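See below for the structure under consideration.
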Amino acid sequence: MSSLNNRDQGFRDGLAKYPDIKIVEQMDAGTNGREGYATTVENVMNANPDINMILTNCGDSSHGALSTLEMYPDKFAEVKVIGYDAGPDQVTAMKEGKQIIASVAQYLKVIGRTAVEIAEKIFTGEKYESVVNVEVGLVTQENVATFVPKE
């Protein structure tokens, strides 16, 4: 769960640049799956009906949020979701024009290769960085039809 907690902190750090954006709720770090997220989003939306954006930290939270929004189309039709992981379900939702408007895409093959390269350095005694950044992408409703993950 540390990766989800780190994502959450990254969201908070990034949002700190925008003082007009108010965080009204932070979901848990992924222990409740889609149903748990759906319940959280339903409760938050009912308590804060003026919310217009939900930022999620994983595919399950994106779909939990989406399922709640779709249950109440008259109440929440204008609410948008930005997700993480750009999994097949999120990509399909974007292609269908649903309320998930964007999702961060991890390049899993790049991550895997990078891990092997670092492992080799460890085993051969070479120096390596303790923090290794890898590129990510952004899938949106505008580019979803042509988006190709990096190999």
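Hydrogens, waters and symmetry mates play no part in the numbers below; they use all other heavy atoms, side chains included. Small disclaimer: the values here were computed from a predicted structure and weren't measured. If you read the sequence from its start, that first residue is 1, and numbering goes on from there.
Note that CG of Leu108 and CZ of Arg113 are 11.0 Å apart. Values are rounded to the nearest 0.5 Å. Expressed to the nearest 0.5 Å, how far CZ of Phe11 lies from OG1 of Thr56 amounts to 6.5 Å. Taken from OH in Tyr84 to CD in Gln90, the straight-line distance is 11.0 Å, to the nearest 0.5 Å. Rounding to the nearest 0.5 Å gives a distance of 11.0 Å between CD1 of Ile54 and CD1 of Ile101. Expressed to the nearest 0.5 Å, how far CG of Leu66 lies from CD1 of Ile100 amounts to 4.5 Å. We find the CD-CD1 distance between Glu120 and Ile122 to be 11.0 Å, quoted to the nearest 0.5 Å.
No continuous path of hydrophobic side-chain contacts links Ile118 to Phe123 [ILVMFWY only; heavy atoms under 4.5 Å]. Hydrophobic clustering of Ile, Leu, Val, Met, Phe, Trp and Tyr side chains at less than 4.5 Å, counting indirect connections, unites Leu69 with Val24. The hydrophobic cluster containing Tyr18 also contains Ile23, counting ILVMFWY residues as joined when their side-chain heavy atoms lie under 4.5 angstrom apart, directly or transitively.
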Legend entry - Worked check of side-chain contact (heavy atoms from CB on, under 4.5 Å) between Cys58 and Tyr37: CA-CA 10 Å; Cys58 67; Tyr37 288 119; 4.0 Å; yes
Legend entry - Arg7/Asp85 under salt bridge (charged side-chain N to carboxylate O under 4.0 Å, His left out): CA gap, chis, key distance, verdict: CA-CA 11 Å; Arg7 286 179 195 174; Asp85 293 336; 3.4 Å; yes
Inset, instruction - Would you please test Val110 and Glu135 for side-chain contact (heavy atoms from CB on, under 4.5 Å) and show each step? - result: CA-CA 8 Å; Val110 173; Glu135 185 178 2; 5.8 Å; no
Inset, instruction - Could you give me the CA-CA distance, side-chain angles and deciding distance for Glu117 and Tyr128, then say whether side-chain hydrogen bond (donor to acceptor under 3.5 Å, both in side chains) is met? - result: CA-CA 10 Å; Glu117 290 167 4; Tyr128 57 92; over 6 Å; no
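Closest of all the heavy-atom pairs between Ala86 and Val139 is CB-CG2, 4.0 Å. For Asp89 against His63, the heavy-atom pair with the smallest separation is CB-NE2, 3.0 Å.
Without hydrogens or angle criteria, Gln99 side chain to Val79 main chain gives a donor-acceptor distance under 3.5 Å. Thr68 places a side-chain N or O within donor-acceptor distance of the main-chain N or O of Ala38, the cut-off being under 3.5 Å.
For the salt bridge (charged side-chain N to carboxylate O under 4.0 Å, His left out) condition, the pairs that include at least one residue of residues 68-80, sequence neighbours left out, are Glu70-Lys98.
Within 6.0 Å of atom CD in Glu129, 12 or fewer heavy atoms from other residues, nucleotides or ligands are found, so the atom counts as exposed in its surroundings.
When only modelled atom types and interatomic distance are considered, Asp13 and Gln9 share a side-chain donor-acceptor pair under 3.5 Å.
Between Ser103 and Met94, the closest side-chain pair of non-hydrogen atoms falls below 4.5 Å.
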